[in-house]
Structures are given as C-alpha cells and as structure tokens.
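Quick note on labels: first sequence line is chain A, next is B, and so on, each numbered from 1. The analysis underlying the following values was restricted to heavy atoms, covering all of them including side chains, and did not include hydrogens, waters or symmetry mates.
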Protein chains: 2
Amino acid sequence: MLAKNNSQVQILPMRTAKKRSSDKKITLVDVADASGVSAITVSRVINQPEKVSESLRIQVQKAIDSLGYIPNQHASSLASSKSRVIGVAIPSLSNIVFTEVLRGIYEVMGAAGYKVLLVDTHYSPLEEEKMVRTLLSQSPEGLIITGGDQTKACQNFLHKARIPIVQIMELLADPIDMNVGFAHGRAGFDVVKHLLGQGYERIGFIGARMDPRVQQRMQGYKLALEQVGKFEKNYIVTTPEPSSIGVGGELFKSLMASTNGVVDAVFCVNDDLALGALFEAQRMNIRVPQDMAICGFNDIEAAEYVNPSLTSVSVGRYEMGVKASEMIIRVLNEKPIESKKVDMGYEIKKRASTSRL
Amino acid sequence: MLAKNNSQVQILPMRTAKKRSSDKKITLVDVADASGVSAITVSRVINQPEKVSESLRIQVQKAIDSLGYIPNQHASSLASSKSRVIGVAIPSLSNIVFTEVLRGIYEVMGAAGYKVLLVDTHYSPLEEEKMVRTLLSQSPEGLIITGGDQTKACQNFLHKARIPIVQIMELLADPIDMNVGFAHGRAGFDVVKHLLGQGYERIGFIGARMDPRVQQRMQGYKLALEQVGKFEKNYIVTTPEPSSIGVGGELFKSLMASTNGVVDAVFCVNDDLALGALFEAQRMNIRVPQDMAICGFNDIEAAEYVNPSLTSVSVGRYEMGVKASEMIIRVLNEKPIESKKVDMGYEIKKRASTSRL
DNA sequence: CATGCTGATGATAGCGCAATCATTACGCTT
DNA sequence: AAGCGTAATGATTGCGCTATCATCAGCATG
C-alpha cells in the first residue's frame, strides 16, 4: 500500500471518492489507486503478469477482484493496435455447413484467446462488401471469408488490410491470401461416375440456392454425363430459393413430372434436398435404390441413419474451420505454414440409397 | 517522407507524403487533410451527415472513397462510449436450436446497425462467466444470454453492467433484467398428456446432454405420469453426452433392452434423438405408431417430412431471437416495452408418429 | 443598426489504455 | 570500490476518435 512519489502529502482522497459512486465505470487507474501502484503496473498484472513481482501481483489482483474491474478492450486495442479479434464472414447462419465450419473456428480461436466477430452476408457480394467494412473497422487481426466472389471494392479493402486472410469452402485460382477448401466440380464429377458405375443411366440433378460452389458441382455433374453422352438438359431442376427438405421434395416431384419419370437417379446438391427427395420418393412409392438412386452432398448425420441410408459426399467442414484458424494463428505468430492453399479433399460415402448392385 | 510541422512553411506536404506510403493506416485526419476540412467535420459526415452542408459532404465523401478510409471503431467507441456491439452467449454452436435463435438476432440487430459478438459457453457456467467477461470488455450496449444458470460472480458483473440484458430460452423466476422463453416443464407435461390421450400407456423418456431446460421437460414428463400413477423410473434413459441422431438410436435400443420392450411410447427431448429412435425402430421392425409412439421436441424441418411424420413440440426459435433483440433495441432507444418477461409459448404438432387412433 | 438567432464549421480536450523510455535498487564482476 | 547489468516499477505520451464548447457568417426582427 501507500507509495508516494511527489514531494508533499497528497495521500489518497481520490480513491474513496471513486469507490463511493458504485455506478462509475471502474478503470485501470481506479485499480491502481486502490492498490497503491501505478496504472502501468496494473496493466502489466493483466497482460504480462510475469513482469510483476509476486507480492504486487497478488495485491493488485485483489483490488481487481474486489472492484470487479473489467478492462476496456477498446482502449486497449487503440493503445496497442492489437484487437484480438478475428472477423468471419459466412453467407448464411442457418446452413448447417457453415455452422460446422464455425464450430471449428470458435474452437481454435477461442483456445488461442481470440474473439470471433461473425457476420452474415446472405449470399450477396454487395452485402459482403458492407460486412467486410464492418469487420475491418474493428481492426481484426485476421479474417476468414467464404469463397472468392468478392466485389472489386471489397478486394481492395482486403488487400489493403495487410492481415492474414483465409478464403474457405472452395479452391480458388487466385486467392487474396490463403485458401482452404475442396474441389466442388470434381466432387460432382465423381458422384456421377459412382452412379454410372452402379448402373444408373438417366441421372437427374436437383439444386437450390445456386451459389458458386453449387454451380461448380453442377458443372462437374454435367461434364461427367457429357463424357458418356448421357447429358440431358431437362434432367436438371433448380430453384434460387434456399434449400430445405421441403424444397427437395418439391423439386423431386417436379423432376419426375417434367421427365415423365424416366430418371433413375438424382444427384442433389445437398443433403437437405436429398432427404426431401428420398421422403418424397417413399411417399410416391418409388423404391430407393431399386428404381431410383439418390445421392446427397455434405454427409450430415441423418444421411447415415435414415432408411435407406443416404449416399453423400463427406467434406471436413469442422476440419476446414480448424485448418483456416490454425493457418491464421501461425501467421500471426510468425510461424511458417506449409502452403497458402490447402485442399481438404472429400469422400463419397457410398450407402444404400445408390447401391443397386 | 518530408513532413514538417515547426514554424515555417509546412503547407500540405504531409498529405502527399501519406498517400505515397500506401501502407500506413488512413485516419480521419488524413481524410480531413485530403479534403481540406477539419477532422471533426469528417467525423460528422460519417456519423451525422445531416449536420454538414451538401457541398462539403460530397467533397469529404469523395476523399473517403478515394483513400479507402475505414473508421477505427475502437477509437470511436472509446471516445463516444458507444460500441454498437451486442453480446450474445449461447451454450452450443452446433445445436440447431441456437442457430435459429441466432438467425433472428442477426436479422434484427444487423438491420438496426449493431454488430453481434457471439460466444459459445459449452453448457458450462464457469466458461460462461469467462465469456461474459470477454463480452463486457467490449462494452456491449446490450446482452443476450441463455438461461439462468449463471455463477454468482457472473450475475454480479451482469448487474453492474447497467445495460439491457435478455435471458432467453426458458422462463425464469428471477431474471437479471428481461426474459424471453417458454415453459419447458409444461411442454413436457403436455406431451405426455397427448400420448396418454392417444392410448399409449407405458411412456419412456430419452434425454441427452441434460441441461436445465431438458431437465425441466423431464420433470414435466414425470409429473404427468405420476398424476396418473404410470411413472416408472426405469423408463427413463439419459446420457450426458451431446445429443445426436446416433445417440438417439443407441438410447432407444437401450431403453428397449432395459424394459424388455414393454414401453409403447417414447418422449425424446429433442428431434435428433427422436429421429434416431424412429430410424432405429424401423430397423428393429417396430411399427411406428402402431406399436410405438415417438415424440420429439423443437419441430425441426425433418419432423414434418420423415415417414411417418414425427410429432414434435414447435417453439418459435427464430421469433425468440427476434423478440429478444427487439426488446433490447427498444430499451436502447428508450421506448417502452410491454413487459420484461415474455412467454413465447409452444405448440404440440401432432403427427403420424403418435397417432394410433 | 443593434440584437438575437440559426446553421455550419472548427479548436481543444480527453476517453482508457499500453509503448516507450526513465528510474531505482540490488546484485555481480573485475 | 567503481562499474555494469538486471529486474521491478513508474512517468509521459499518444493511439484515433468524438463531446463540448467556441466561432462565425448570414439573416430576420423591431
């Protein structure tokens, strides 16, 4: 306690004054007063405790606890230009795919002491630009954004930001900085190969909310069928609305109607649609997989347990979030990363819904 | 470089100097220099454009755009003590229930110009306390937290924060500030009543990750059965692990085994478990609903479309997020709110899986 | 023409903290 | 015993912005 420095007395009248008004926000200086040290020492106790002698540290910590002091992160960030914030932009909160990626991000970032500021771009590059501005105004130390569909202005901001940035979900030819994803086009291609291999011949396609990644899957689908001369334009049914089980059922019905039921397999761009198609097929008394193969994408948990179990493409969503986060953290810690581009791969989980053999 | 300041000349060499080194962060002063106005005017253009003449406003805006200026939110927050941040604490990112609530929160908060800082407490009050400290250190203008299970210390922080706080998901006897939720116990009670009404007699219970809300549902279940003298302790099977479709199947098997298959209905505390139970029942050739009723909770989309369709309890998750956000915004705008406590209610969606009549 | 008012703009100070550079005390070396 | 290094602590300054108050021009009023 007590620790004078000037000449005269000037003991400690401020202290009691502050404490009285339990309203006023407690600051570092209040803690310093209360524990008889300088403000900077309190700061050290919080940020670099090893630099403070044990006795002082305990004394200060006691004051912090008893006053219920909570540091003002804005002041800290301003003074140190370190925000401990990572910005994350995803196109949709309700899509389970992104939720899982987020889990990975939160896991790693949380453990490393970073806060995550999350924004939702609603699948719109313009919205994304606005949101990225918002993120950047928080001086994030790193950024994770989805895909490569940024506006020109947005790309400018991002380049100027000079912080580690990872674009996730898809593999990009020309990433802004780092990139973690997998090859959607190839995955779509491989799905069709698998279906063909199982003896299905007239393979339809069901898609909703046709974002760039879904488009790529469709291109892969198309390419594979063209290669064997089995591509039919009217086997494709899509809608711009968000995908859901209900929409999957509708699209399946409409595919059946528009093709007079000749289609014997459907590749659905995600598992929601696939489940919807499967449930609808059951209601229509179409036997899966005997009369109809159904393949989804993402391999959500239900795919494995539904009857018949649903073939789907497993992608490491959680792992993608983890990987992206780890890369950013490594860069921030100035450790080397193996590569700026990481292909997470995928795996077709072959299950009952496409197994005619 | 050049950059004078002493007495003499010092016209405007700083400006050019700044621009050249495209690295340096652009600040308000840079924009002010570039557009020949004072810093405070630039600040007004951004925050209160109506207070600046149109000519100046355009001129300044041009400078902002050409320099790619992005305001530093930390400095702004520090100076104005307004962060435009709302803190949100949820127990789990992967639980669809919270995802939907989040959607509602983001929708409303985003439109109102607030950023959402989201933390995951992993169902742990201690973790929650730490996370709430993190949130408070960002000087949020409002807080949305889950449930009423805070530690003493955490409650202290929250009370001292003097910002609008909404506790969501469940109805609390003694909320910290505001409260939006529904009566889980009553919902559990009503589910059992429904099952009894359908002629089921030996009603089992399957639960995972027994958080306070799940416990309440179980209490309701127990109460309803006790009232009619049909409660059997060994009809309850639970696990502390997170719930999932797979776990639902396992628990269903274990319930069947431990009761020698006498149970003729199962109340599952959420739809994942219920789907798992349903799929497992199908595999065991137990007919639903003839031999076995299955009821879930939350009414996720799959419940409506699975075959047979799944009875579940619909709760306005999205709406709960919206409501909580609106309440906070009203308080921040000093508008009156109807009540500090809002019961969102619930509705039992009676579907095929419990319809023996 | 003095007065007061309004709207537009600027100068100054300070938000709460940490970077930076002192300062001090206490050893240890030669 | 002088010199030096080191560990612990403090004083000062400034991060980028906005609150506050001041200034000033333009204009209407009586």
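Partners of B/Y114 under the side-chain hydrogen bond (donor to acceptor under 3.5 Å, both in side chains) rule, at least two apart in sequence or in another chain, are B/R84. Listed by chain and number, the residues in a salt bridge (charged side-chain N to carboxylate O under 4.0 Å, His left out) with A/K82 amount to none (sequence neighbours excluded). In this structure B/S139 satisfies the side-chain hydrogen bond (donor to acceptor under 3.5 Å, both in side chains) test with no other residue, sequence neighbours excluded. In this structure, the side-chain contact (heavy atoms from CB on, under 4.5 Å) partners of A/S77, at least two apart in sequence or on a different chain, are A/Q73, A/S83, B/H74. With sequence neighbours excluded, no residue forms a salt bridge (charged side-chain N to carboxylate O under 4.0 Å, His left out) with A/D120. With sequence neighbours left out, A/R103 forms a salt bridge (charged side-chain N to carboxylate O under 4.0 Å, His left out) with A/E100.
Open room surrounds CD on A/E54; 12 or fewer heavy atoms of other groups in view lie less than 6.0 Å from it.
Spacing between atom NE2 of A/H74 and atom P of C/dA18 amounts to 14 Å, rounded to whole angstrom units. Separating the CG atom of A/N72 from the C1' atom of C/dG16 is a distance of 6 Å, rounded to the nearest angstrom. Nucleotide D/dC15 holds its C1' atom 16 Å from the CD1 atom of B/I26, rounded to whole Å.
Distance check: A/M327 CE to A/N179 CG gives 8.0 Å after rounding to the nearest 0.5 Å.
OP1 or OP2 of D/dC17 sits under 4.0 Å from a side-chain N or O of B/Y69. Under 4.0 angstrom from either OP1 or OP2 of C/dC15 there lies no side-chain N or O belonging to B/S81.
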Anything under 3.5 Å between a protein N or O and an N or O of nucleotides 18-22 of chain D, put it in a table, one pair a line.
unit_1, atom_1, unit_2, atom_2, d
D/dT18, OP1, B/N47, ND2, 2.7
D/dT18, OP1, B/S76, OG, 3.4
D/dT18, OP2, B/S43, OG, 2.5

Atom pairs, protein N/O to nucleotides 24-26 of chain C N/O, distance under 3.5 Å:
none

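Taken residue by residue, residues 50-65 of chain B places heavy atoms nearer than 4.0 Å to DNA chain C at B/V52, B/S53, B/L56.
Between C/dG10, D/dC17, D/dC15, one nucleotide has an atom nearer to the side chain of B/S38 than all others, and that is C/dG10.
Here the side chain of A/Y106 pairs no donor or acceptor atom with the backbone of A/A111 at under 3.5 angstrom. The main-chain N or O of A/V45 is never found under 3.5 Å from a side-chain atom of A/Q61 such that the two would form a donor-acceptor pair.
The bend of the helix from C/dC1-D/dG30 to C/dT30-D/dA1, defined by the angle between the axes of its first five and last five pairs, stands at 40° to the nearest 10°.
The salt bridge (charged side-chain N to carboxylate O under 4.0 Å, His left out) analysis of residues 125-144 of chain A, with sequence neighbours excluded, yields no pairs. For residues 319-334 of chain B, the salt bridge (charged side-chain N to carboxylate O under 4.0 Å, His left out) pairs, not counting sequence neighbours, are B/K323-B/E338.
Side-chain contact, B/T41 with B/S38: a donor N or O sits under 3.5 Å from an acceptor N or O.
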